[in-house]
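Encoded as structure tokens, the structure appears first; notes follow it.
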Amino acid sequence: MSNTRGVTQDVEPLIEETVEVAADPARVWSLVSDLPRLAEWSPQVVRSYVRTERPIQLGTRLLNVNRRGLLVWPTQSKVVRFEPHQEIAFRVKDNFTVWSFTLEPTATGTRVVQRREAPEGISAISSRLTRRMLGGVPSFQAELREGMRSTLAAIKATAEA
């Protein structure tokens with residue numbers, strides 16, 4: 001269902017996965033805040049190019065290349081929340097979602113939460129493409145959730161190595 005702003009609300013407003021990492025927040029932060037490294041861990045991200053000056057900070061813009069099988073598509077994103085050692089979040093211009101990593105110190109290391117926020121839905125074009133090219137919104141959201149679990153497991157392995 002689409003509203004007057006071209007946003008569809010047929011998506012889960014929040015998808016999130018969590019992992020406990022046996023490494024301190026500074027170590028984990030050094031990984032998750034280096035957004036181009038997502039290509040090392042995410043099953044969907046092929047490459048991320050920083051389009052503004054480094055270091056990555058609030059306002060940093062990226063061009064991302066994503067892949068699912070033979071389907072490849074670009075997205076543009078911008079860092080919209082940046083609290084060192086606590087949270088980094090970027091908004092995907094193309095579909096209006098916000099992806100984030102939140103870090104919380106624990107007695108044995110760091111709790112890492114990865115989220116995909118879509119509180120007002122996703123863009124109508126993104127919804128149509130998801131239905132036509134990616135097997136539908138529910139199926140693709142399940143795939144995103146599994147991808148988040150894979151991403152967090154890979155970040156955990158890297159941080160604990």
Applying a strict under-4.5 Å side-chain criterion to I, L, V, M, F, W and Y, I'd like to know whether [X] and [Y] cluster together.
{"X": "Val113", "Y": "Ile155", "result": "no"}
{"X": "Ile125", "Y": "Val92", "result": "yes"}
{"X": "Trp99", "Y": "Val65", "result": "no"}

Sub-4.5 Å side-chain heavy-atom contact between [X] and [Y]:
{"X": "Val11", "Y": "Gln141", "value": "yes"}
{"X": "Lys78", "Y": "Phe90", "value": "no"}
{"X": "Leu144", "Y": "Gln44", "value": "yes"}
{"X": "Asn66", "Y": "Val72", "value": "no"}
{"X": "Val79", "Y": "Leu35", "value": "yes"}
{"X": "Val80", "Y": "Val98", "value": "yes"}
{"X": "Thr18", "Y": "Leu152", "value": "no"}
{"X": "Asn64", "Y": "Tyr49", "value": "no"}

Using a 3.5 Å distance criterion without hydrogens, assess whether the side chain of [X] forms a donor-acceptor pair with backbone atoms of [Y].
{"X": "Ser42", "Y": "Ala39", "result": "no"}
{"X": "Thr110", "Y": "Leu103", "result": "no"}
{"X": "Ser126", "Y": "Ile122", "result": "no"}
{"X": "Ser30", "Y": "Arg27", "result": "yes"}

Shortest non-hydrogen separation from [X] to [Y] and the atoms involved:
{"X": "Val137", "Y": "Ser127", "answer": "CG2-OG, 4.2 Å"}
{"X": "Pro36", "Y": "Val50", "answer": "CG-CG2, 3.6 Å"}
{"X": "Val112", "Y": "Phe101", "answer": "CG1-CD2, 4.1 Å"}
{"X": "Gly109", "Y": "Pro25", "answer": "O-CD, 4.2 Å"}

Nearest 0.5 Å, what's the [atom1]-[atom2] distance between [X] and [Y]?
{"X": "Thr130", "Y": "Asn95", "atom1": "OG1", "atom2": "CG", "result": "7.5 Å"}
{"X": "Ser48", "Y": "Leu38", "atom1": "OG", "atom2": "CG", "result": "6.0 Å"}
{"X": "Ile88", "Y": "Thr102", "atom1": "CD1", "atom2": "OG1", "result": "10.5 Å"}
{"X": "Ser123", "Y": "Leu129", "atom1": "OG", "atom2": "CG", "result": "8.0 Å"}

Contacts of type side chain to side chain contact (heavy atoms under 4.5 Å, CB included), residue [X], not counting sequence neighbours:
{"X": "Pro43", "value": "Ser150, Thr151"}
{"X": "Ala26", "value": "Asp24, His85"}
{"X": "Ala154", "value": "Trp41"}

Taking salt bridge (charged side-chain N to carboxylate O under 4.0 Å, His left out) as the cut-off, I'd like each qualifying pair that reaches into [range], sequence neighbours left out, listed once.
{"range": "residues 150-161", "result": "Lys156-Glu160"}
{"range": "residues 96-119", "result": "Glu16-Arg115, Glu20-Arg111, Arg81-Glu117, Glu104-Arg111"}
{"range": "residues 59-76", "result": "Arg68-Glu143"}
{"range": "residues 43-57", "result": "Asp34-Arg54"}

_ring-ring contact (aromatic ring centres under 6.0 Å, His included) contacts touching residues 53-83 (sequence neighbours left out)_ =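 Listed once each, the pairs are Trp29-Phe82.
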*Any pair with a residue in residues 135-161 that passes ring-ring contact (aromatic ring centres under 6.0 Å, His included), sequence neighbours left out, goes on the list, sorted by first then second residue, please.*
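Counting only pairs at least two positions apart or across chains, no ring-ring contact (aromatic ring centres under 6.0 Å, His included) contact touches residues 135-161.
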Residues which pass side chain to side chain donor-acceptor pair (under 3.5 Å) with [X], listed by chain and number, not counting sequence neighbours:
{"X": "Glu40", "value": "Arg37"}
{"X": "Ser100", "value": "none"}
{"X": "Asp94", "value": "none"}

*Can you tell me if CD on Glu83 sees more than 12 non-hydrogen neighbours from other groups inside 6.0 Å?*
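Check fails, neighbour count at 12 or below.
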